[in-house]
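Each ligand, and each atom within it, is numbered from 1 in the order the structure gives. Hydrogens, waters and symmetry mates are skipped; everything else that's a heavy atom, side chains included, is used. As the structure is a computational prediction, the values presented were derived from the model and not from experiment.
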Amino acid sequence: MKDEVAYLGPRGTFTHEATKALFPEEGFVYTPCDSIPDVLTAVGKDQFSYGVVPIENAIEGSVTLTLDWLIHHVQVPISGELIYPIAQHLMIHPLHKDLPLAKVERVLSHPQAVAQCRGYLRDHLPNARITYVDSTADAARKIRDQGSKPWVAIGPFMAHQLYGLHVVAESIQDYPHNFTRFIVVGREWAHPRAPKEHDKTSLLISLPSDYPGALHRVLQSFAKGTINLSRIESRPTKKKLGTYHFLIDTEIKGDHPSLHKALTDVASWGCHVRQLGSYPCYHYQNIKEIEVDKGSSEAYNRR
Ligand SMILES: O=C(O)C(=O)Cc1ccccc1
């Protein structure tokens with residue numbers, strides 16, 4: 001019986017690449033889902049052992065859909081992380097491979113991919129209409145299926161191969177060193193061969209409403225336990241403008257006594273604490289023997 005891994009599909013997404021790097025063994029079946037919520041919901045219903053979705057990008061920041069779905073809609077633990085290189089390519093149906101960019105009428109891609117290439121699009125495709133779709137490979141598939149339309153997609157090198165498109169321009173993201181953090185959700189997991197970079201515990205902390213300086217006191221509790229915080233981000237509670245949940249990533253194992261002490265302290269004076277997961281973190285550089293997107297590995301090597 002093979003363990004099933006759901007990922008943001010269709011085949012050819014960056015998430016597909018990351019899934020192959022995270023689960024390289026024969027013993028897994030990869031199943032593409034249409035959207036990030038579909039992945040997280042299906043894992044939450046135990047339809048899959050694992051799920052893989054993007055959570056943060058080096059240029060555009062957090063994938064807020066992932067964060068909000070984890071906060072408000074599902075209770076699935078984060079069980080792993082991979083930092084993976086991203087190279088965005090501009091691709092077009094072969095029927096239009098000689099079309100001047102000025103004649104392109106529409107650009108399709110995932111919001112994150114569009115945001116990573118805003119400068120390029122302003123300079124080279126100022127008149128094209130932006131259409132957001134659920135993933136980069138979904139955009140490539142639509143260009144294949146809408147052959148006669150003068151449209152382009154932004155996405156991974158592998159997507160142009162899978163969907164028979166022509167690459168108009170490679171690595172069009174506005175900044176070099178473009179990486180995305182992908183998370184594994186579901187069952188406990190560790191990479192079968194790669195050395196982990198470090199452990200991480202992600203927390204969701206909600207402050208008491210009537211406590212001036214509460215956030216400072218939370219940070220003090222971590223500082224007192226010499227717990228390094230690698231990220232802190234506020235997300236709306238969606239209940240009232242100006243009220244937030246705080247997502248805090250700590251570089252410590254979830255069962256470490258120092259973390260237990262800090263969280264006991266913050267809970268004692270009215271904070272609500274939810275552990276989103278405690279998990280090993282990996283970086284692409286340590287996962288050498290995995291098939292990767294040509295553009296991404298080239299982009300990585302050009303870092
Ligand atoms: O995985 C994909 O291809 C996506 O569409 C999500 C995404 C978009 C941009 C960078 C990383 C992941």
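Within the 4.0 Å heavy-atom shell around ligand 1 one finds Gln88.
Between His72 and His245 the shortest side-chain heavy-atom distance falls below 4.5 Å.
Counting atoms of ligand 1 from 1 in the listed order, those under 4.0 Å from a heavy atom of Thr13 are 1 (O), 2 (C), 3 (O). Every atom of ligand 1 with a heavy atom of Ser135 under 4.0 Å away is listed here by number and element: 5 (O).
Nearest protein neighbour of atom 6 (C) of ligand 1, counting heavy atoms only, is Leu8 CD2, 3.8 Å. The nearest heavy-atom contact from the protein to atom 11 (C) of ligand 1 is Thr180 OG1, 3.5 Å. With hydrogens left out, the protein atom closest to atom 3 (O) of ligand 1 is Thr136 OG1, 2.4 Å, a heavy atom. Ranking protein heavy atoms by distance to atom 1 (O) of ligand 1, first place goes to Thr15 OG1, 2.6 Å.
The option with the heavy atom closest to atom 10 (C) of ligand 1, from among Gln116, Glu60, His110, is Gln116.
Between the side chain of His96 and the main chain of Gly147, a donor-acceptor pair closer than 3.5 Å is present.
Heavy-atom neighbours of Lys261 NZ from other residues, nucleotides or ligands within 6.0 Å: at or below the threshold of 12. Atom CZ of Arg11 has 12 or fewer heavy atoms from other residues, nucleotides or ligands within 6.0 Å. Under a cut-off of 6.0 angstrom, the local environment of CZ in Arg274 is crowded, with over 12 non-hydrogen atoms contributed by other residues, nucleotides or ligands.
Using a 3.5 Å distance cut-off with no hydrogens or angles, the side chains of Asn178 and Gln88 do not pair a donor with an acceptor.
Note: no N/O pair closer than 3.5 Å links Ala113 and ligand 1 by distance alone. Polar contact check, Gln112 against ligand 1: no nitrogen or oxygen pair lies under 3.5 Å apart.
Hydrophobic cluster membership differs between Tyr163 and Ile92, with clusters built from Ile, Leu, Val, Met, Phe, Trp and Tyr side chains linked at under 4.5 angstrom.
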